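Report on one structure; see the data block that follows.
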Amino acid sequence: MEETAAAAEGVPVPDARTGVEASTRYGGMSIRQCVDKINKSLDHPKVRFLREHMIDAGCPVWVRLLMPLNCKDQGFAGGYTSGKGIAICCNHMTFQDEINQVLIHELIHAYDDCRAKNINWKNCYHHACSEIRANHLSGDCHYKRELLRGFMKIRGHEQECVKRRALKSVQINPHCSDAAARDAVEAVWDICYNDTYPFERAP
């Protein structure tokens, strides 16, 4: 009941006094435009599916935990922080599809956090597993997206993309050295790539 009511309310526009609304100097869309597109994303089939399964797992996704922000670091489209929520870097967004993808990717991290109960984001292996799942199950590595990024390989492109993107994310983790990140991705690859839950198979 409460989740349905929260979803109906939509993501609120942040108070302009926080300074986020005025900070469009980095480019992309305004916070208000971003909020409109985030609210539209809540009706995306994959977003709805993941939210429903998080509710079933006892971890409802409140819309107030979807945080539209302007981010200074150009390397991020968004991120998930355990206990805080999902940040969407509005100033790095241009299209609805980009926001849909960020929410789907980060909701998979949130789902993993909920499902595992004891996931430790400082642990390179835990982090690597969730990154492999998020990149595999979100559609981030669809061949059309890879072509737009300039990666032209067709055969085996999806697994290569998942591994590349997962490694890049784990390497950013301040608790994981480059070598530790590589070891972690390789060590958990088979089990985590093949773990498609809550989807029956990779979408």
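FYI, side chains are in, hydrogens and waters are out, and symmetry mates aren't considered; it's all heavy atoms of this structure. Keep in mind that this is a model prediction, so the values were computed, not measured.
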Task: Euclidean distance, I31 CD1 relative to I38 CD1, rounded to 0.5 Å - done: 8.0 Å
- [ ] State, to 0.1 Å, how close V102 and A77 come at their nearest heavy-atom pair, and which atoms those are.
- [x] CG2-CB, 3.7 Å
TODO: For the residue pair R165 and D140, establish whether any side-chain heavy-atom pair is separated by less than 4.5 Å.
DONE: yes
- [ ] Say whether, by atom type as modelled, one donor and one acceptor occur between the side chain of K37 and the main chain of I99 under 3.5 angstrom.
- [x] no
Task: Those residues that, when tested against K163, pass salt bridge (charged side-chain N to carboxylate O under 4.0 Å, His left out) (two or more places apart) - done: E186
- [ ] Measure the CG-CG distance between L66 and L42 for me, rounded to the nearest 0.5 Å.
- [x] 6.0 Å
Task: Test item: C89 and L69 side chains (from C-beta on) under 4.5 Å apart, heavy atoms - done: no
Open item on the list: Is there a path of hydrophobic side-chain contacts, each under 4.5 Å between heavy atoms of I/L/V/M/F/W/Y residues, joining F199 to Y197?
Closed with: yes
Task: Results of side-chain contact (heavy atoms from CB on, under 4.5 Å) for A166 - residues two or more places apart only - done: E131, I132, N135
TODO: Could you pull out all residues at least two apart from D43 that satisfy salt bridge (charged side-chain N to carboxylate O under 4.0 Å, His left out)?
DONE: R48
Task: Rounded distance [0.5 Å steps], OG in S41 versus CD in Q101 - done: 9.5 Å
Task: Separation between CG of N100 and NE2 of H44, rounded to the nearest 0.5 Å - done: 4.5 Å
TODO: List for me each residue that meets side-chain contact (heavy atoms from CB on, under 4.5 Å) alongside A180, sequence neighbours excluded, and say none if there are none.
DONE: C124, S177
Open item on the list: Same cluster or not: M93 versus L103, using hydrophobic residues (I, L, V, M, F, W, Y) connected whenever any side-chain heavy atoms lie under 4.5 Å apart?
Closed with: yes
Task: S82: partners by side chain to side chain donor-acceptor pair (under 3.5 Å), with sequence neighbours left out - done: D113
Open item on the list: For D195, is there any backbone N or O sitting under 3.5 Å from a side-chain donor or acceptor partner on R133?
Closed with: yes
Task: CZ-SG distance between R115 and C59, expressed to the nearest 0.5 angstrom - done: 11.5 Å
TODO: With sequence neighbours excluded, tell me which residues meet side-chain contact (heavy atoms from CB on, under 4.5 Å) with H126.
DONE: I119, N120, N123
- [ ] With sequence neighbours left out, write down each residue that passes side-chain contact (heavy atoms from CB on, under 4.5 Å) with L65, or none if nothing qualifies.
- [x] W62
- [ ] Scan residues 162-184 for pairs that pass ring pair (Phe, Tyr, Trp, His ring centres under 6.0 Å), counting only residues two or more places apart or in two chains.
- [x] none
- [ ] Flag the pair Q171 / C176 as yes when at least one side-chain heavy-atom distance between them is below 4.5 Å, and no otherwise.
- [x] no
Open item on the list: Pair D36, K40 - check salt bridge (charged side-chain N to carboxylate O under 4.0 Å, His left out), show working.
Closed with: CA-CA 6 Å; D36 289 343; K40 189 173 180 180; over 6 Å; no
Task: Note, M54 side chain near F49 side chain (heavy atom, < 4.5 Å) - done: no
Open item on the list: Using the salt bridge (charged side-chain N to carboxylate O under 4.0 Å, His left out) criterion, which residues pair with D183? Sequence neighbours excluded.
Closed with: none
Open item on the list: If the condition is salt bridge (charged side-chain N to carboxylate O under 4.0 Å, His left out), which residues does E52 pass it with, not counting sequence neighbours?
Closed with: none
Task: Contacts of type ring pair (Phe, Tyr, Trp, His ring centres under 6.0 Å), residue H109, not counting sequence neighbours - done: H105, W121
TODO: Determine yes or no for a side-chain-to-main-chain donor-acceptor pair under 3.5 angstrom, with E98 supplying the side chain and F95 the backbone.
DONE: yes
TODO: Output the distance between atom CG (D112) and atom SG (C192), rounded to the nearest 0.5 Å.
DONE: 8.5 Å
Task: T81 side chain vs K84 backbone, donor-acceptor pair below 3.5 Å - done: no
Task: With sequence neighbours excluded, residues passing ring pair (Phe, Tyr, Trp, His ring centres under 6.0 Å) with Y80 - done: none
